[in-house]
Amino acid sequence: MKKILLLAVLALCAVAMQAQKVLEVTEVPNTLGSAYMNQPGEYRARVDIKCPTSIPLEFETQCDKVEDMRISSEDDGATTTYTMYLNVDPSVREYSTRVLTIASPSYDDVYYSMAFLKSGQWVTLSVSDPNATVDTGCYNEHHNKAMQEIKNMNYAEARRQLTMAGTCAEADQQENDYNIALVDSLMLYRIQADNALKLLDYRTASHYYEKMIGLNSYDSYAMEQNTRCISNFKSECDVLFNRAEWLYNERDYNKAKEIYNQVIARQCAYESQANSRLQSIESNARSRKNHSHVLTYEWRKDVPIGLHIGKYNMHKAGGFFQLDFNPAIFDAIRGECKYEDPATTSPKYPEFNVAFGWTIKIKNPVWVHVGPGFTGKFYYGKYKDKNFPYYDKNDADPLEERGEDADKHFNFGYAVSPVVGLTIKYSYFAIRCTYQYRFTIKKGLQEFMEPHRVSVGVGVAF
């Protein structure tokens, strides 16, 4: 009876000893700048916990309800990633002493302090069984050691373990060959990335570091180097693009074009802006070659001083602007104008015209130009109701007052004056002819404003 009791006690002890497995928790470095984007009004941090799928985990803290932690999981077949979102509102003092309890059947509970969490922080933890490689058979022992060395970024040792695993009698050759190829790829990518970094080819280096991270998310070296490459690459692109922009604004288009092409070749974030600038440079070059810009001096009756500038493109519509006025405008500005009787004199009324619109090629070298316009004309004297200069059919004397009072009274006539005309441009020379129709809102001013006008212009194309 005593022997049976002793055997039972020993069996219970063996079971108890078998249950006393331990878990190891380590923090996995994230890329610099990793952060969780909170919703407005939220104060949460994100925690990802990676663990072999064979070790299911449960979590709790002394200050959170499980449903408030928003725990979810994702399994890729080998590793399970648990994600939780913990409230870290700084006004809740209890969160400053938060401890996360990690539990799994057959393992001792693990306690991990979460007191350091800040709002918007994103932390990744790795949970593993440090003794998983003990007494598991030849293949599993070397395979598990190799997987751990991959996590530790010791790829040469991982390959050595996998080579030894391949010699085991129970080896899974297909799985082992896959893992060897994985390690070979990681080693090759590191060599390629480091070599590119030595040559300051940050984009190529980042490309290979990202490949490493894709194969081994635990590779903190690749993450840190990739972050460094991205930062340096961005700074390099900033310098190039800003230099190109300075040259462009200084109209040194040839050098600017060269640097914009470098920005595009490096696939910088400014690629679309650089393409836009190159198109602008090419358009300017075509304009200069085709002498698309036209500047002319314009003459029109009563407004002999005129200036027009426009763009006359070979393959698309352009635009123009025209301004005309007479010297009497300056007298009006100085206040030297006064009433003059149009029945006895020929007054020089201050007048100006403004027009703008579109230019369209009919057939080289002829372009048509068309657009709206506005005409303003000043006259003096205090006129009776519905009486204007040249409009005295009902009253021989249209003025209410004469003398100094008439001289002081200022009037403004205006008209909507659309224009249409032709431009002939050949080499460096250009001539224009424009018809203008003036439509007055006040009918009594129609004769004063004169509804029809023609202007001619001569100038240069460049």
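Quick caveat, the model's predicted, so the values are computed rather than measured. In this chain, numbering begins with 1 at the start of the sequence shown. Both backbone and side-chain heavy atoms feed into the values below; hydrogens, waters and symmetry mates do not.
Counting only distance, with no hydrogens or angles, the side chain of Asp89 and the backbone of Ser91 share a donor-acceptor pair below 3.5 Å. Checked by atom type and distance alone, the side chain of Ser104 never pairs as donor or acceptor with a backbone atom of Tyr107 at under 3.5 Å. Side-chain atoms of Glu170 come within 3.5 Å of backbone atoms of Cys138 as a donor-acceptor pair (strictly under, hydrogens ignored). Side-chain atoms of Asn290 never come within 3.5 Å of backbone atoms of Asn313 as a donor-acceptor pair (strictly under, hydrogens ignored). No side-chain donor-acceptor contact under 3.5 Å links Tyr312 to the backbone of Lys425. The main-chain N or O of Gly166 is found under 3.5 Å from a side-chain atom of Gln173 such that the two form a donor-acceptor pair. At distances below 3.5 Å, not a single donor-acceptor pair connects side-chain atoms of Ser231 with backbone N or O atoms of Thr227. Between the Lys311 side chain and the Ser292 main chain, no donor and acceptor come within less than 3.5 Å of each other.
Interatomic distance, CG of Asp201 versus CD of Gln192, reported as 12.0 Å (0.5 Å rounding). Summarising the geometry, atom CG belonging to Asn179 is positioned 4.5 Å from atom NE2 belonging to His143; distances are rounded to the nearest 0.5 Å. A distance of 4.5 Å separates OG1 of Thr423 from NE2 of His369, quoted to the nearest 0.5 Å. The NZ atom of Lys50 sits 12.0 Å away from the OG1 atom of Thr26 when rounded to the nearest 0.5 Å. Between Leu186 atom CG and Ile191 atom CD1 the span is 11.5 Å, to the nearest 0.5 Å. Distance CG/Asp219 to NZ/Lys211: 15.0 Å, rounded to 0.5 Å.
In this structure, Leu86 and Arg98 have side chains that are in contact, with non-hydrogen atoms separated by less than 4.5 Å. The side-chain heavy atoms of Lys377 and Leu445, taken from C-beta on, include no pair separated by under 4.5 Å. Looking only at side-chain heavy atoms (C-beta outward), Val88 and Lys118 stay at 4.5 Å or farther from each other. Looking at Arg44 and Arg70, their side chains come closer than 4.5 Å, going by heavy atoms from C-beta outward. Taking the side chain as every heavy atom from C-beta outward, Leu100 and Val110 never approach each other to under 4.5 Å. Here the side chains of Tyr112 and Val99 are not in contact, with every heavy-atom distance at 4.5 Å or above. Proximity of Leu200 to Asn232: side-chain heavy atoms (C-beta onward) are nowhere separated by under 4.5 Å. Taking the side chain as every heavy atom from C-beta outward, Gln436 and Gln322 never approach each other to under 4.5 Å.
Side-chain N/O atoms of Glu74 and Ser72 include no donor and acceptor closer than 3.5 Å. A donor-acceptor contact closer than 3.5 angstrom is absent between the side chains of Tyr95 and Arg93. Remark: the Ser417 side chain and the Asn353 side chain contain no N/O donor-acceptor pair separated by less than 3.5 Å. A donor atom on one side chain and an acceptor atom on the other are found under 3.5 Å apart for Tyr221 and Asp194. With no hydrogens or angles considered, no side-chain donor-acceptor pair links Tyr139 and Asp172 at under 3.5 Å. Thr53 and Asp75 share a side-chain donor-acceptor pair at under 3.5 Å.
More than 12 heavy-atom neighbours from other residues, nucleotides or ligands sit within 6.0 angstrom of OH on Tyr435. Annotation: Glu175, atom CD; neighbour count of heavy atoms from other residues, nucleotides and ligands within 6.0 Å is above 12. Around atom CD of Gln174, no more than 12 heavy atoms belonging to other residues, nucleotides or ligands sit under 6.0 Å away. In Phe116, the CZ atom is crowded: over 12 heavy atoms of neighbouring residues, nucleotides or ligands sit closer than 6.0 Å. The number of heavy-atom neighbours closer than 6.0 Å to OH of Tyr297, taken from other residues, nucleotides and ligands shown, is above 12. For NZ of Lys151, the number of neighbouring non-hydrogen atoms (other residues, nucleotides, ligands) closer than 6.0 Å is greater than 12.
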Show your working on side chain to side chain contact (heavy atoms under 4.5 Å, CB included) between Glu245 and Gln273 and close with a plain yes or no. CA-CA 10 Å; Glu245 287 287 274; Gln273 294 98 313; over 6 Å; no
For a side chain to side chain contact (heavy atoms under 4.5 Å, CB included) check, start with the C-alpha distance between Tyr208 and Thr204, then their side-chain angles and the critical distance, and finish with the verdict. CA-CA 7 Å; Tyr208 287 117; Thr204 300; 3.6 Å; yes
Val127 and Leu57: side chain to side chain contact (heavy atoms under 4.5 Å, CB included), yes or no, with the steps? CA-CA 9 Å; Val127 177; Leu57 301 179; 4.2 Å; yes
Just do the side chain to side chain contact (heavy atoms under 4.5 Å, CB included) check on Thr296 and Glu298 with the steps written out, would you? CA-CA 6 Å; Thr296 58; Glu298 302 285 320; 2.6 Å; yes
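Under the 30°/60° scheme for interplanar angles, the aromatic rings of Phe320 and His308 are found to be tilted. A tilted orientation is assigned to the rings of Phe352 and Phe378, their planes being inclined by 30° to 60°. Between Tyr414 and Phe374, the ring-plane angle classifies as parallel under the 30° and 60° cut-offs. Relative orientation of the Phe325 and Phe330 rings is perpendicular, given thresholds of 30° and 60° on the angle between their planes.
Cation-pi contact between Arg228 and Tyr209: absent, since separation from the ring centre below 6.0 Å together with deviation from the ring axis within 45° is not met. Annotation: cation-pi pair Arg277/Tyr248 present, NZ/CZ under 6.0 Å from the ring centroid and within 45° of its normal.
Of all heavy-atom pairs between Leu215 and Ser185, the closest is CD1-CB, 3.9 Å. When all heavy atoms are compared, the tightest approach of Ser96 to Ala115 is O-CB, 3.0 Å. The shortest heavy-atom contact between Ala171 and Ala165 is CB-O, 3.3 Å. Contact between Ala256 and Ile281 at its shortest, heavy atoms only, is CB-CD1, 4.4 Å. The minimum heavy-atom distance linking Gly120 with Asn38 is given by the pair N-ND2, 3.3 Å.
Using a 4.0 Å cut-off between charged side-chain N and carboxylate O, Glu149 and Lys145 make no salt bridge. Salt-bridge formation is detected for the pair Asp238/Lys234: a Lys NZ or Arg NE/NH1/NH2 atom is positioned less than 4.0 Å from an Asp or Glu carboxylate oxygen. Under 4.0 Å is where a charged nitrogen must lie from a carboxylate oxygen, and between Glu351 and Arg438 at least one such pair does. A salt bridge does not link Glu258 with Lys255: none of the charged nitrogens is closer than 4.0 Å to a carboxylate oxygen. Between Glu236 and Arg266, at least one side-chain nitrogen of the basic residue sits less than 4.0 Å from a carboxylate oxygen of the acidic one, meeting the salt-bridge criterion. Using a cutoff of 4.0 Å between basic side-chain nitrogens and carboxylate oxygens, Arg46 and Asp48 are scored as salt-bridged.
Only one option out of Phe429, Tyr428, Phe462 pairs with His291 in a ring pair (Phe, Tyr, Trp, His ring centres under 6.0 Å); it is Tyr428.
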